[in-house]
Student: 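Before I ask anything, let me first share the structure, which is written out below as structure tokens.
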Amino acid sequence: MRPAQPDALSQPYDPARIEGRWYAEWEGRGVFKPKQTGKPPFVIMIPPPNVTGSLTMGHVLGESLRDLIVRWQRMEGRETLWVPGMDHAGIATQNAVEKALREKGVSRHDLGRDGFVREVWAWKEQYGGLILRQLRRLGISADWDRERFTLDERYSAAVMLVFQKLHEKGLIYRGHRIVNWCPRCQTALSDEEVDHVETDGHLWFIRYPIKGTEKTITVATTRPETMLGDTGVAVSPKDRRYQHLVGKVAVLPLMRREIPIVADELVDPKFGTGAVKITPAHDPNDFVMGERHDLPKMVVMDERGVMNDNAGDFRGLDRFAARERVIEALSDAGYLEKVEPHKHSVGHCERCGTIIEPYLSLQWFVKMKPLAAPAIEAAKKGQVKFYPTRWRKVYMHWMENIRDWCISRQLWWGHRIPVWYRGPQGSQEMVVSPERPEGEGWTQDEDVLDTWFSSWLWPFATLGWPEKTQDLERFYPNSLMVTGSDIIFFWVARMIMAGHEFMGTGPFPHVFFTSIIRDAEGRKMSKSLGNSPDPLAMMDRFGADAVRFTMIYLTPTGQDLLFDEKRVETGKFFANKVWNAARLVTLRIGDEDMGKIKESQLKLTLADRWILSRFAHALKNTTRFLKTYRFNEAANTVYHFTWNEYCDWYLEMAKPRWGYEDTVESMTPEQLEDRRTARWVAWRVLDGILRLLHPFMPFVTEEIWQALPHDGELLATATWPRSKSAWTDAEAEHQVAFLQQLVVAVRNLRVENGLPVGKQVPVTVRGTPEQLDLVERLADQIRPLAKIASLTLSRDGSRPAVAASAVVMGAEIFLPLEGLVDLDEERARLAREAARLLGDLENSKKKLRNRDFLDKARPDVVEKERARLTSLEETLDKLKKAQESLRAVSS
RNA sequence: GGGCGCUUAGCUCAGUUGGUAGAGCACUUGCUCGACAAGCAAGGGGUCACUGGUUCAAGUCCAGUAGCGCCCACCA
């Protein structure tokens, strides 16, 4: 057996000293490995962080919550698996590496594709390593042997297979479509990767002459430079104003190209002039209309957003310079009718902020509707539930209006598209295969897949799919997904679809969305803004336990969180409090192994029964809050129980019973027995607190736990406390509540009357015989708490002549003042108190005079109100007597 | 254009079966008394955005208004 080590809990609490040692111990002893327990496994996955750089406080919150749940479930006896890993994050990482290279004056083209990819892998090692350090430092209890990276060989094979399967099913196709094109990143993006920003722009009205007439038709546009690629003009088929022009030909200004005027449903007669230019190669609507009316698709820009040969005189100009010049030219030639200010939302590249160009190009797409159907069904049947529930609606809306997913990216970092081509343009052979096909002349598609095309497989590809591994068998579906609502479409929705498509069942029954962490100004914390504190620095400054606890304690359910570093003090101070409470308890219980003592051998006092009852409440509520994903309330419950009940009251009440080593010799056998009881209860509740707190603050709780005799058992694998209904004790709670109020009243009387703190005062209590008996029984606890020199029980109903007084649950407390202070103070205080009570009293009376209240309110509510009125009346009555008795006395 | 969220103490926010308003920080006063000044004790501070409705009773349910924020949309 390991002896108790009270010395271990040295002063002061120093997180840096203790947080270093436990992670290796847990890992070394396999704590984080799933172990069959007979209960169903609990499986959770990390949302793989991007390897682009350091983690943010948003990650810290997520990891803290995930680890909280996993550690709690492990203590509940579940077999737990927590899979860690990282995402290659195609475009984000490529951009980060390109930026770093640019600072060295190197472009990716200088290195070539292979050289650049090698460079990115080096980057991945560096920043991936940093992320791993951060995760370990935070204490996450993940199984590192199962760590995955989305570009791992096995994981990549899963991605390739998925591409093949979907292609075979006809759900993946290649085609010329209008995509979101980022001219800076020079790649296509999915709709989800475009941020729309409300922008003050302009609506330019341009006259197009009608061939063979002197007339014109005026169209309105927000992007005049695209008119260079116009191949038609459209009006609404219902628009009478223009029917006579349908079938006629317009002459495109500046380009002098003849383009047809057509009628199309897509045109809104109420917008602009009711006539619209058609640019099939640069606008999704125009593309559709162009297809319908068989119009040519003329691309007028290159992939950098620079006007190309089709742009005539504007060739070589950047798209925005071209806009200016086109407007000038139109204006000079008299084609510009007018300009109006126009508010519209403009798409920006999520990664670099560049304005997105709708752009015609050849890309790969996934047909999403067939994949969405089972995912919609699952939500309808409750097979996947969202917390907070309102996200269900967001999910459903997106799913039901889902559009095809552009999955090809013109990048170098990522899973290369497993498609091979051979032969001349137009009559090309194409093979879908991860391997180079047999024969000569095959070249692979140059593009890579969207990052999310690999991430959406995470819940099962990490477990070995497509192989039927034991892990896959045992740990799929996962138990819970905890992530940010900002990736509900990117990731969560797609994982649900992939789960149904490839595993035949959804990936997890529950999704919990964490708060989004914002800075003090309300901006989302992100790497690009650089407004997140460095998690490692935070942990160095406050301790990992403090950071974890604070994040959980602060996170509101389903609301954003404005984060301020200073608030981490809450967790640090709390850890310090726990540390010192444990110090006190270990110092006073010495090296006796409290675990060997049976509760039945002890004679519990009222205070003991009270704290055990309060612990039972705290345990029940903490567990309930964890189960219902109300993590902040769980943290709050443990916090207040520990600090305000255990430390502030129980330990204070226990101190006199413990005595000190030098006083033990003079103790009676009864006192020694009571000392033992007080030691045991203090230990027992501390033990419970450590267990409840461990998932929140694993390091400090393990350190304290190990300072107590445990035969080398780890707190990390100890059991969650079981609810002990025998500990619930309403009587003890009620009686100690009386004691507390009495003590507070005495303290208050002292302070209000300006008595010196150190001054021991005599106190008289007057009340019912039951109350006096109770006070007598608790006298030893009350005296030191309230610093009372002598406690007198007024059995005969007499009261001190000149005294400050207060009423507590019907009992009167007197603090003799004669000769101590100016009585005017006390008179004023009593008057204030009486006025306050009178207000409450009137309210209560009014309520009880109300027939409707008496008839319709629940009986227990009425009864409670009656009792309250009685109590108020009694209290007021006693207060008045106190006032009278002081009135006669001169100061 | 559609949807969602928020508005409670100086600040940041809790408050889930409707029944006498809470926390942390900040503030005031007093405390080196053998766990803890990262602490202890006692306090001050709120017409719970506004209007109306339901109810015996509304921060809590309903409707509307205003401000702030977010998401979605083929806003030429």
Side-chain angles (χ1 to χ4, degrees), chain A residues 9 11-13 178 191 196 198 201 203 219-223 226 234 266-268 271-279 283-288 342-346 358 388 390-391 393-394 397-398 401 403 485-486 488-489 516 518 520 522 524 542 546 550 553-554 556-564 566-567 569-570 572-588 628 630 632-633 636 639-640 647-648 651-652 655 660 744 747-752 754-758 784 787 840 843-844 847 850-858 860-862 864-865 868:
Chain A
L9 304 184
Q11 185 59 15
Y13 162 63
I178 299 286
D191 296 334
H196 292 276
E198 195 75 4
L203 201 52
V219 299
T221 180
T222 53
R223 290 153 62 218
T226 62
L266 223 46
V267 181
D268 175 4
F271 189 94
T273 61
V276 59
K277 59 196 258 328
I278 307 178
T279 324
D283 183 277
N285 281 335
D286 294 6
F287 179 85
V288 171
H342 180 65
K343 197 170 247 178
H344 61 145
S345 83
V346 177
R390 64 190 150 83
W391 292 106
K393 210 172 178 177
V394 176
H397 183 260
W398 186 79
N401 296 282
R403 293 186 293 168
S485 56
D486 51 340
I488 183 170
F489 307 135
I516 290 178
R518 298 178 182 282
K524 186 176 155 187
F542 298 102
T550 304
Y553 180 84
L554 288 181
T557 41
Q559 231 42 63
D560 291 356
L561 168 64
L562 267 58
F563 180 77
D564 181 356
K566 184 169 165 51
R567 306 197 63 188
E569 286 187 346
T570 305
K572 187 181 176 186
F573 294 172
F574 182 48
N576 179 62
K577 189 70 182 178
V578 174
W579 179 263
N580 279 293
R583 239 169 73 78
L584 172 66
V585 174
T586 51
L587 285 171
R588 297 296 186 90
T628 49
R630 290 151 70 182
N632 56 338
E633 296 191 65
N636 205 35
Y639 181 95
H640 283 107
C647 291
D648 288 350
L651 293 183
E652 292 305 324
K655 277 178 184 175
Y660 290 91
V744 168
R747 288 168 173 171
N748 178 262
L749 288 178
R750 304 166 65 97
V751 171
E752 295 279 317
L755 292 178
V757 167
K787 297 214 167 58
D840 290 351
N843 278 337
S844 182
K847 218 169 182 178
N850 184 344
R851 260 262 72 87
D852 287 328
F853 175 69
L854 297 173
D855 291 345
K856 294 177 184 169
R858 282 207 319 270
D860 62 303
V861 173
V862 176
K864 218 169 135 190
E865 193 57 38
R868 178 164 174 261

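Throughout, protein chains are lettered first and strands after them, A, B, ... in sequence-line order, and every chain is numbered starting at 1.
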Student: Where the side chain of A:Asp648 is defined as all heavy atoms beyond and including C-beta, which of B:A35, B:A41, B:G43 is the nearest nucleotide?
Tutor: B:A41
Student: For A:Asn636 and A:Asn632, test the side chains for any donor-to-acceptor distance below 3.5 angstrom and give the result as yes or no.
Tutor: no
Student: Is the aromatic ring of A:Trp579 within stacking range of B:A35, meaning centres under 5.5 angstrom and planes under 30 degrees?
Tutor: no
Student: If a protein heavy atom is under 4.0 Å from the base, mark B; if only from the sugar-phosphate, S; if neither, -; do that for nucleotides 19-25 of chain B going 5' to 3'.
Tutor: BB--SSS
Student: Which nucleotide wins on minimum distance to the side chain of A:Arg403, given the candidates B:A73, B:A35, B:C70?
Tutor: B:A73
Student: Is the shortest side-chain heavy-atom distance between A:Lys393 and A:Arg390 below 4.5 Å?
Tutor: no
Student: Could you give the distance separating B:G5 and B:A23 at their P atoms, to the nearest angstrom?
Tutor: 28 Å
Student: Ignoring hydrogens and geometry, is there a side-chain-to-backbone donor-acceptor pair from A:Asn580 to A:Asn576 under 3.5 Å?
Tutor: yes
Student: Take atom CZ of A:Arg851 and atom P of B:A57, then tell me their distance rounded to the nearest Å.
Tutor: 15 Å
Student: Do A:Asp283 and A:Ile178 have side chains that approach each other closer than 4.5 Å (heavy atoms only, starting at C-beta)?
Tutor: no
Student: Is the shortest side-chain N to carboxylate O distance from A:Arg858 to A:Asp860 below 4.0 Å?
Tutor: yes
Student: Does a salt bridge link A:Glu569 with A:Lys572, judged by any charged N lying under 4.0 Å from a carboxylate O?
Tutor: no
Student: Rounded to whole angstrom, note down the C1' distance from B:G19 over to B:A58.
Tutor: 10 Å
Student: Between B:C6 and B:G43, how far apart are the two C1' atoms, rounded to whole Å?
Tutor: 32 Å
Student: Please give the distance between the P atoms of B:G52 and B:A57 as a whole number of Å.
Tutor: 16 Å
Student: How many whole angstroms separate atom CG of A:Asp860 from atom P of B:A57?
Tutor: 18 Å
Student: With hydrogens left out and only the distance checked, is there a donor-acceptor pair under 3.5 Å joining A:Lys393's side chain and the base of B:C4?
Tutor: no
Student: Measuring to OP1 and OP2 of B:C72, would you say a side-chain N or O of A:Asn401 lies under 4.0 angstrom away?
Tutor: no
Student: Hey, is the main chain of A:Lys787 close enough, under 3.5 Å, to the side chain of A:Arg750 for a donor-acceptor pair?
Tutor: yes
Student: Within this structure, what is the NZ-to-P distance between A:Lys572 and B:A37, rounded to whole angstrom?
Tutor: 13 Å
Student: Could you give the CD-to-P distance, from A:Glu633 to B:C13, as a whole number of Å?
Tutor: 17 Å
Student: Would you compute the distance between atom OH of A:Tyr639 and atom CD of A:Glu633 and round it to the nearest 0.5 angstrom?
Tutor: 16.0 Å
Student: Please check: side-chain N/O of A:Thr586 versus main-chain N/O of A:Ala582, any donor-acceptor pairing under 3.5 Å?
Tutor: yes
Student: Could you work out the separation of B:C62 and B:G45 based on their P atoms and round it to a whole Å?
Tutor: 33 Å
Student: Let's see if you can work this out: which of B:A35, B:A76, B:U16 has an atom nearest to the side-chain heavy atoms of A:Thr222?
Tutor: B:A76
Student: Do A:Lys577 and A:Cys647 come within less than 4.5 Å of each other through their side chains, counting heavy atoms only?
Tutor: yes
Student: Could you grab the distance from atom CZ of A:Arg567 to atom CG of A:Leu562, nearest 0.5 Å is fine?
Tutor: 9.0 Å
Student: Check the interface with nucleotides 45-47 of chain B: list each N/O to N/O pair with the protein under 3.5 Å, or write none.
Tutor:
none

Student: Rounding to an integer number of Å, can you tell me how far A:Leu651 CG sits from B:C40 C1'?
Tutor: 14 Å
Student: What's A:Val751 touching, base or sugar-phosphate or nothing? Going by heavy atoms closer than 4.0 Å.
Tutor: sugar-phosphate
Student: If each of A:Asp852 and A:Gly274 is mapped to the nucleotide of RNA chain B with the nearest heavy atom, which maps nearer the 5' terminus, i.e. the 5' end?
Tutor: A:Asp852
Student: If you count every heavy atom of other residues, nucleotides or ligands that lies below 6.0 Å from A:His397 atom NE2, does the total exceed 12?
Tutor: no
Student: Contact between A:Leu203 and A:Thr222 at the side-chain level, heavy atoms closer than 4.5 Å - yes or no?
Tutor: yes
Student: When rounded to the nearest Å, what value does the distance between P atoms of B:A21 and B:A9 take?
Tutor: 15 Å
Student: Just verifying a value: how many Å separate A:Ile516 CD1 and A:Asp486 CG, rounded to the nearest 0.5 Å?
Tutor: 4.5 Å
Student: Specify the separation, in whole Å, of atom NZ of A:Lys577 and atom C1' of B:C36.
Tutor: 6 Å
Student: Using 30° and 60° as the class boundaries, would you call the ring planes of A:Trp398 and A:Phe489 parallel, tilted or perpendicular?
Tutor: parallel
Student: Expressed in angstrom and rounded to an integer, what is the separation of A:Asn632 atom CG from B:G15 atom C1'?
Tutor: 10 Å
Student: From B:U16, B:A76, B:A35, pick the nucleotide closest to the side chain of A:Arg630?
Tutor: B:U16
Student: Which value, in whole Å, describes the distance between the P atoms of nucleotides B:C25 and B:C40?
Tutor: 10 Å
Student: At 4.0 Å (heavy atoms only), tell me whether A:Phe489 reaches a base, stays on the sugar-phosphate, or touches nothing.
Tutor: sugar-phosphate
Student: Can you find a donor-acceptor N/O pair under 3.5 angstrom joining the side chain of A:Lys787 to the base of B:A41?
Tutor: no
Student: Identify which nucleotide among B:C56, B:A73, B:A76 has an atom closest to any side-chain atom of A:Lys277, counting heavy atoms from C-beta outward.
Tutor: B:A76
Student: When you measure from the side-chain N and O atoms of A:Arg390 to the phosphate of B:G5, is any distance below 4.0 Å, counting only OP1 and OP2?
Tutor: no
Student: Can you tell me how far C1' in B:C27 sits from the matching atom in B:U12, rounded to whole Å?
Tutor: 16 Å
Student: Would you mind classifying the nucleic acid contact of A:Val862 as base, sugar-phosphate or nothing, using non-hydrogen atoms under 4.0 angstrom?
Tutor: nothing
Student: Once you round it to whole Å, what is the distance between P of B:G5 and CD1 of A:Ile488?
Tutor: 14 Å
Student: Just to be sure I understand the rule, does A:Ala582 reach a base, reach only the sugar-phosphate, or reach nothing, if contact means heavy atoms closer than 4.0 Å?
Tutor: nothing
Student: With Watson-Crick and G-U wobble geometry limited to distances under 3.5 Å, how should the secondary structure of RNA chain B be encoded in dot-bracket form, using | for bases paired to another strand and [ ] for crossing pairs?
Tutor: ((((((((.[[[[.)...(..]]]].(((((.......))))).....[[[[[..)....]]]]])))))))....
Student: When all nucleic acid strands are considered with a 4.0 Å heavy-atom cut-off, which category describes A:Leu554: base, sugar-phosphate, or nothing?
Tutor: nothing
